[in-house]
Number of protein chains: 2
Amino acid sequence: MIATTPPPAREGSFKARMHQQREEALVHAASRLLGEKGFDAMTVDDVAYAVGIAKASLYKHFPGKDELCAAAMAHIARRMDAFVRSLDDGRPAIERLWALVRRSLELQLDDAMPLLPSRNSSLREPLAACEDYQSALAAVNQRVLGWIAEAQASGHLAAGWPAEVVLCAIHARSADPMLELLQSTGRYAREEIVERVLVTCFDGLKAR
Amino acid sequence: MIATTPPPAREGSFKARMHQQREEALVHAASRLLGEKGFDAMTVDDVAYAVGIAKASLYKHFPGKDELCAAAMAHIARRMDAFVRSLDDGRPAIERLWALVRRSLELQLDDAMPLLPSRNSSLREPLAACEDYQSALAAVNQRVLGWIAEAQASGHLAAGWPAEVVLCAIHARSADPMLELLQSTGRYAREEIVERVLVTCFDGLKAR
DNA sequence: GTCTATACAGAGATAGAC
DNA sequence: GTCTATCTCTGTATAGAC
């Protein structure tokens, strides 16, 4: 709830539920558009139009574009955190890591916004200030770092590498340009692309 | 020479040399700023200021921002083509590929614009129309595809993969988010980052 | 809280003097 | 060809009626 100042209406009342629903719709639309067009190209009008309200109404929910997009990114981070938790059943850590990367790749093929903003995105500053986003991201990282240590201990991942480096490699896959390049050839099906990139990530290009 | 209409002045004359020099300075500044800020965030004023001329003067050289940036990208592509040719001495193909990727990674650490624009960059359309860029890119690709076939034949790269897929994997390294992620930890030196990413690319994360 | 209408700012592009 | 000054368009944000 990054709502502005107004009287928030009784918990669970009709108006409050409508309010919250609209806010969720805004966040959802924003996260989709962020993935499709990027922060700079996406306009506040786009988001308002997608939800079917006027731009001025959007500003009753969020103080500005930055905060709207930060909320959208926090939503994305929470979803990823939930997914990562859902993977934490009994299976071997290396399998969880594959599943995580596969998910990231599939999201990317669906034009979803990646968990991390790109290097010179204007999103970085507002994101640094968004605690919701930061805490969800930290939760994901902590859990995945645990998996990496496990996978190294059980001999499935290169031992001796700092777990942090492996984490970076895995996160980077969620914005790997290789997907787009393969897609633009028009010669590969969706799943084929995902598998190629997965294998490239974990096995490398080298012959063995 | 994407210059506009004016009398182009005698070949090699003082004015013509100044003109060309300024144009090169513009292209150079544009390519640097493209890498640092990206197409959307970079303004024509930035480029003009970097070169020390007024914005209106820039428009005597290039009809618009799109064409200026396309020329900058063509410059980048030609430089990469020259580099790739320079690698074509006697050494094994796999070494040439490593050297190519290493160079791409170093350029990225220097905030240079990558050879390929990112997925949803507004640069893509003007680039598709720029023949200089397209032909230089094609030259690079043709040569590197040859190296890949060689490296596969000599057992250094995974055989059975379409060379095109390997090419995508290699190109993708020039905009790999892993570099930025490693850099942002502050815990790794420049060369260490390059080596980590190189090894991740060719050897993968798997234990062996 | 939602709307229409509008203010304001930034950036691409142009006019016209020199 | 270079400059200063200006135009125009787009996009963020607000005002004010309902």
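Since the structure is predicted, the reported quantities are computational estimates derived from the model, not experimental observations. Here is the naming used below: chain letters follow the sequence lines, and residue numbers restart at 1 for every chain.
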Ignoring the backbone of A:R22, work out which of C:dT2, D:dT4, C:dC3 is nearest its side chain.
C:dT2
Whole angstrom is fine here: how far is it from CD1 in A:I53 over to C1' in D:dA13?
14 Å
Can you find a donor-acceptor N/O pair under 3.5 angstrom joining the side chain of B:K15 to the base of D:dG1?
no
Specify the separation, in whole Å, of atom CZ of B:F62 and atom P of D:dT2.
12 Å
Closest of C:dG1, D:dT4, D:dT12 to the A:H19 side chain is C:dG1
Can you tell me how far C1' of D:dT12 sits from CZ of A:F39, to the nearest Å?
11 Å
Relative to each other, are the rings of A:W98 and A:F202 parallel, tilted or perpendicular (30° and 60° limits)?
parallel
Whether over 12 other heavy atoms sit under 6.0 Å from B:Q142 CD
no
Comparing nearest nucleotides in DNA chain D, the 5'-proximal residue of the pair A:A56, A:V44 is A:V44
Minimum-distance nucleotide to A:Y59 side chain [options: C:dG12, D:dT12, C:dT4]
D:dT12
Taken to the nearest whole Å, CG/A:L33 to P/D:dT12 is 12 Å
Give A:T43 one of three labels, base, sugar-phosphate or nothing, depending on what nucleic acid heavy atoms sit under 4.0 Å from its own.
sugar-phosphate
For A:P117 against A:L127, the heavy-atom pair lying closest together:
CG-CD2, 3.7 Å
Nearest-nucleotide pick for B:S57, side chain only, options being D:dT2, C:dG12, C:dC3:
D:dT2
Please state how far atom CG in B:D66 lies from atom C1' in C:dA11, giving the value in whole angstrom units.
13 Å
Using atom CG of B:D40 as one end and atom P of C:dG12 as the other, report the distance to the nearest whole Å.
10 Å
State, yes or no, whether a side-chain contact exists between B:V197 and B:E192 at a heavy-atom distance under 4.5 Å.
no
If you only use heavy atoms from C-beta on, which nucleotide in D:dT12, D:dG1, C:dA13 is closest to the side chain of B:K60?
D:dG1
So what does A:M42 hit on the nucleic acid, given a heavy-atom distance under 4.0 Å: a base, only sugar-phosphate, or nothing?
sugar-phosphate
Would you mind reading off the distance between A:D46 atom CG and D:dT12 atom P, rounded to a whole angstrom?
8 Å
In whole Å, I'd like the distance from the CG atom of B:D45 to the P atom of D:dT6.
16 Å
May I have the step-by-step check of side-chain hydrogen bond (donor to acceptor under 3.5 Å, both in side chains) for A:E23 and A:H19, ending in yes or no?
CA-CA 6 Å; A:E23 210 159 283; A:H19 182 88; 3.3 Å; yes
